[in-house]
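Each chain gets a letter, A, B and so on, in the order the sequences are listed, and its residues count up from 1. Remember, predicted model here, so these are calculated numbers, not experimental data.
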2 protein chains.
Amino acid sequence: MARLPIYLRALTTLAEEAVTTVSSEELASAAGVNSAKLRKDLSYLGSYGTRGVGYDVDYLVYQVSRELGLTQDWPVVIVGLGHLGHALANYGGFASRGFAIRALVDADAATVGTEIAGLRVRHLDGLEEEVRKHGIAIGVIATPAPVAQEICERLVAAGVSSILNFAPVVLVVPDEVEVRKVDMSIELQILAFHEQRKLGPERHGRLNDAVAELADAVST
Amino acid sequence: MARLPIYLRALTTLAEEAVTTVSSEELASAAGVNSAKLRKDLSYLGSYGTRGVGYDVDYLVYQVSRELGLTQDWPVVIVGLGHLGHALANYGGFASRGFAIRALVDADAATVGTEIAGLRVRHLDGLEEEVRKHGIAIGVIATPAPVAQEICERLVAAGVSSILNFAPVVLVVPDEVEVRKVDMSIELQILAFHEQRKLGPERHGRLNDAVAELADAVST
DNA sequence: TTTTGTGAACTCCTTCACAGCT
DNA sequence: AGCTGTGAAGGAGTTCACAAAA
């Protein structure tokens, strides 16, 4: 149910605009999906709509939040406070969405001890203690790629079972640990791929090899 | 082919380790996918493997790069230089992967004129001029959510046809414009969902309504 | 013998289309 | 009359399993 957070965001926006009721058509277009898909997705949570009317916005916000586990606050640790970790620590979107950054950890002596977003950065040595002390279940890895796997293993050993990985590596974890990854280079590369396609039909792997062959055949 | 960048990263790592040949099995495990899937993906680019042997790493790096359009450098503009935009501008992974950040643009007077990662930040007013001057086709939006759609429209009007969006909104664009989005809150919410599942079987939408009903039926 | 490249089967997700409520 | 909830159809992507090539 990777789309629930998008629905929740659209619903929250509607609630702020004092909208009380929304149809699947309206909500779907706000979320950028097909309305049948939205209805099917919501139907997995239960029958929270009213036929002929639509969905009650506040009620649906609550139900979706509950399904996502956002009726409680999840304590989070950020490992690695370079530019990215710094940006993450300061990102306001977390607190308002059910997450509480409880610990910041870094290996760099110049960073350790500084205060970021109201929290003091602790040395990497204290990682396990911080995880246990705050009952942290979600770890964010914003370290350089070469150390990400090691940090990941330490997080898992300390009891973390969900990891959000910003380092450009494929993390190896036990089956019961959930990993999500965010890789900006990969997103840009996907865009570059589409840009290239737009430039013209020349040189596009096998498709164009076939075209070239055809052109050859025709010209002879 | 959203997986090609992952294969490319694995291949680049192998090349750095002076590995010359790799089997689909090995490359697939490095990329975290099934080997049949990897072979099928690569087969769309052409037949670049040798049966009984595997793939030549350097040759495959070249072919995948070419397919992704990374044999040329793509000029990029970053709009919004808060913590996140700052982090993106300083992220070294771009330059080494076929992208060149050519312009930085922000609306905040305190940020305009400062130098970030060797580039001077220009006022938002100059957005269109920067896009034209550098022939920019890819725009990165790292602004607050409320202005993201407006920035997006200006980028598109100026000629940008691919957008990487970090603002937590669904952007509306013409069909020919490609949008990729990165939303850290959404990734965390997906993790929270899985964390909650692990906590116990109580209260999980319709599945548990069914279980509860069954329990009722049994107890009566 | 080893490993690719790929038809065929399978599984999962999406969309249609409409019966059933309000 | 209007909109949800959902079976059924359709499509896309994944995995199997093996023939063909080195």
Side-chain angles (χ1 to χ4, degrees), chain A residues 1-7 10-11 14 19-64 67 170 175 186 190 193-194 205-210 213, chain B residues 1-7 10-11 14 19-64 67 170 175 190 193-194 204-210 213:
Chain A
M1 282 300 132
R3 284 184 297 269
L4 286 182
I6 299 171
Y7 303 156
L11 284 166
L14 289 170
V19 176
T20 56
T21 297
V22 68
S23 71
S24 63
E25 201 73 51
E26 294 163 332
L27 184 54
S29 94
V33 301
N34 176 300
S35 70
K37 179 163 26 178
L38 177 119
R39 287 200 300 279
K40 188 144 277 185
D41 285 347
L42 293 183
S43 77
Y44 285 105
L45 317 187
S47 288
Y48 298 135
T50 309
R51 293 172 195 230
V53 179
Y55 300 90
D56 181 273
V57 174
D58 288 339
Y59 185 54
L60 199 51
V61 164
Y62 171 72
Q63 293 298 344
V64 175
E67 187 71 16
V170 176
D175 286 348
I186 284 182
I190 293 169
F193 172 75
H194 290 290
R206 100 150 15 176
L207 182 61
N208 288 286
D209 290 347
E213 214 168 280
Chain B
M1 282 304 132
R3 286 184 296 270
L4 285 182
I6 299 170
Y7 302 156
L11 284 166
L14 289 170
V19 175
T20 58
T21 296
V22 68
S23 72
S24 63
E25 202 71 52
E26 293 163 333
L27 185 53
S29 94
V33 300
N34 174 300
S35 69
K37 184 173 4 186
L38 178 122
R39 288 200 299 278
K40 188 146 277 189
D41 285 347
L42 293 183
S43 77
Y44 285 106
L45 316 186
S47 289
Y48 298 136
T50 308
R51 292 170 195 231
V53 179
Y55 299 90
D56 181 273
V57 174
D58 289 339
Y59 185 54
L60 199 52
V61 164
Y62 170 72
Q63 293 297 345
V64 174
E67 186 70 17
V170 176
D175 286 348
I190 294 169
F193 172 76
H194 291 290
H204 289 309
R206 98 154 16 176
L207 182 61
N208 288 287
D209 291 346
E213 211 169 284

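Sequence neighbours left out, the pairs with a member in residues 49-60 of chain A that pass side chain to side chain donor-acceptor pair (under 3.5 Å) are Tyr59(A)-Gln63(A).
Here the P atom of nucleotide dT4(C) and the OH atom of Tyr7(B) are 13 Å apart, to the nearest Å. For the pair Asn34(B) CG and dT6(C) P, the interatomic distance rounds to 17 Å; values are reported in whole Å.
Considering only side-chain atoms of Lys40(B), the nucleotide from dT6(D), dG7(C), dG5(C) that sits closest is dG7(C).
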Please list every donor-acceptor pair under 3.5 Å in which a side-chain atom of residues 24-33 of chain A meets a protein atom from a residue at least two apart or in another chain.
residue, atom, partner, partner atom, Å
Ser24(A), OG, Arg39(A), NH1, 3.0
Glu26(A), OE1, Ser23(A), N, 2.9
Glu26(A), OE1, Ser23(A), OG, 3.4
Ser29(A), OG, Glu26(A), O, 3.4

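For the OP1/OP2 pair of dT22(C) and a distance below 4.0 Å, the side-chain nitrogens and oxygens of Tyr55(A) include no atom meeting the criterion.
Atoms OH and CG, from Tyr7(A) and Asp41(A) in turn, are 3.5 Å apart once rounded to the nearest 0.5 Å.
Two residues are said to be in side-chain contact when any heavy atoms from C-beta on lie closer than 4.5 Å; Met1(B) and Glu67(B) fail this criterion.
Map Asp41(A) and Thr50(A) each onto its nearest nucleotide of DNA chain C; the residue landing nearer the 5' end is Asp41(A).
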Short heteroatom pairs, N/O only, protein and nucleotides 17-20 of chain C, under 3.5 Å:
residue, atom, partner, partner atom, Å
dA17(C), N6, Arg39(A), NH2, 3.3
dG20(C), N3, Arg51(A), NH1, 3.2

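Taken residue by residue, residues 21-31 of chain A places no heavy atom nearer than 4.0 Å to DNA chain C.
Remark: Val57(B) pairs with Leu11(B), Leu14(B), Ala15(B), Val19(B), Val22(B), Val61(B) by the side chain to side chain contact (heavy atoms under 4.5 Å, CB included) rule, at least two apart or across chains.
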